[in-house]
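Take this structure first; my questions come after.
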Amino acid sequence: MNYIAPLNADNLLSEAESENLYLKLIEQLNKDFNLANEGVDFPMSTNPEELKVQLHEKIYRLIQYKFAEYLNLLYIIDVNENEIKKLDGSDISELAGQVSFLILKREWQKVWFRNKF
């Protein structure tokens with residue numbers, strides 16, 4: 001099976017749900033944020049829409065107030081540096097949304113591979 005990266009957060013989250021890996025995705029997010037000392041605790045009951053909003057808010061706050069921690073988080077999650085560099089940082093809210101998707105994409109990739117192999 002080939003891994004195909006989802007085109008947006010909604011596709012990604014519905015794919016995670018349909019493969020019964022959504023809870024593993026939440027676990028992976030919680031784990032990596034904690035490794036970066038940016039404790040988030042997304043409850044297992046968080047629905048995909050809430051997850052998207054909460055992740056966006058968290059990333060927005062990190063970019064605004066804790067930039068070094070934000071960079072550390074990206075490093076720990078292993079978000080592709082080139083993809084980050086391509087983003088337009090002029091609108092922080094827009095940027096936070098795009099970065100949230102890159103984080104979800106990377107975390108989903110980890111969960112997907114772990115499940116398949």
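Position 1 is the first residue of the sequence; numbering continues from there. None of these values were measured; they are calculated from a predicted model. Because only heavy atoms are used, hydrogens play no part in the values below, and waters and symmetry mates are left out as well, while side chains stay in.
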>> If I take atom CD from residue E107 and atom CD1 from residue I26, how far apart are they, to the nearest 0.5 angstrom?
In response: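 E107 atom CD to I26 atom CD1 measures 12.0 Å (nearest 0.5 Å).
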> Does the distance from a Lys or Arg side-chain N to an Asp or Glu carboxylate O, for K24 and E19, drop under 4.0 Å?
Replying inline: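 Between E19 and K24 there is no salt bridge, as every charged N stays at least 4.0 Å from the carboxylate O atoms.
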> Roughly how far, to the nearest 0.5 Å, is CD of Q109 from CG of N80?
Replying inline: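 That separation rounds to 9.5 Å.
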>> With clusters defined by side-chain heavy atoms of hydrophobic residues (ILVMFWY) lying less than 4.5 Å apart, directly or transitively, does V53 cluster with Y22?
In response: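 No; tracing contacts between hydrophobic side chains, which count when under 4.5 Å, never links both residues.
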> Given side chains that start at C-beta, do those of K105 and L102 come closer than 4.5 Å, heavy atoms only?
Replying inline: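 Yes; the side chains approach each other to less than 4.5 Å.
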> Linking I/L/V/M/F/W/Y whenever their side-chain heavy atoms sit closer than 4.5 Å, directly or via other members, would L71 and I76 fall into one cluster?
Replying inline: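 In one cluster with L71: I76, no.
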> Short question: side chain of N30, backbone of F42 - any donor-acceptor pair under 3.5 Å?
Replying inline: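 Indeed, once roles are kept as given, a pair shorter than 3.5 Å links the two residues.
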>> Side chains of I59 and L73, heavy atoms from C-beta outward: is any pair under 4.5 Å?
In response: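 Yes, at least one pair of side-chain atoms sits under 4.5 Å.
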>> Using 0.5 Å steps for rounding, measure from the CZ atom of F101 to the CG atom of L55.
In response: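 Going from the CZ atom of F101 to the CG atom of L55 covers 11.5 Å.
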>> Run the side chain to side chain contact (heavy atoms under 4.5 Å, CB included) test on I103 and L74 for me, step by step, so that the C-alpha distance in whole Å, both residues' side-chain angles and the decisive distance to 0.1 Å come before the verdict.
In response: CA-CA 8 Å; I103 287 172; L74 295 179; 4.1 Å; yes
> When rounded to the nearest 0.5 angstrom, what is the spacing between CD in Q64 and CG in L95?
Replying inline: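 That separation rounds to 10.5 Å.
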>> Looking at every heavy atom in both N34 and V40, which two are closest together, and how far apart are they?
In response: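 Taking every non-hydrogen atom into account, OD1-N, 3.8 Å.
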> Just by modelled atom types, is the V79 backbone N or O under 3.5 Å from a matching donor or acceptor in the R106 side chain?
Replying inline: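 Here the side-chain-to-backbone pair does not exist.
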>> Just so I know, are the side chains of Q98 and E83 near enough to count as touching, which here means a heavy-atom distance under 4.5 Å?
In response: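 Contact flag for Q98/E83 side chains = no.
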> Could you give all pairs that pass the ring-ring contact (aromatic ring centres under 6.0 Å, His included) test and reach residues 57-83, with sequence neighbours left out?
Replying inline: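 Counting only pairs at least two positions apart or across chains, the ring-ring contact (aromatic ring centres under 6.0 Å, His included) contacts touching residues 57-83 are F67-Y70.
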> Nearest 0.5 Å, what's the NZ-CG distance between K31 and L29?
Replying inline: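 K31 NZ to L29 CG: 11.5 Å, rounded to 0.5 Å.
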>> Looking at D78 and K110, is any side-chain nitrogen of the basic one under 4.0 Å from a carboxylate oxygen of the acidic one?
In response: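 Judged by the 4.0 Å cut-off on N to carboxylate O distance, K110 and D78 do not form a salt bridge.
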> Are side-chain heavy atoms of D10 and K52 found at a separation under 4.5 Å?
Replying inline: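 Touching, per the 4.5 Å side-chain cut-off.
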> Taking atom types as modelled, is there a side-chain donor on S93 or D91 under 3.5 Å from an acceptor on the other?
Replying inline: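 The answer is no; no qualifying pair exists.
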> Tell me the side-chain hydrogen bond (donor to acceptor under 3.5 Å, both in side chains) pairs involving residues 35-51, sequence neighbours left out?
Replying inline: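 Qualifying pairs: E38-K58, E38-K66.
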>> Return the CG to CG distance between L104 and L13, rounded to the nearest 0.5 Å.
In response: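 Going from CG on L104 over to CG on L13, the span is 5.5 Å.
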> Do Q28 and D32 meet the criterion of a side-chain donor-acceptor pair at a distance under 3.5 Å?
Replying inline: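 Note: Q28 and D32 side chains meet the donor-acceptor criterion.
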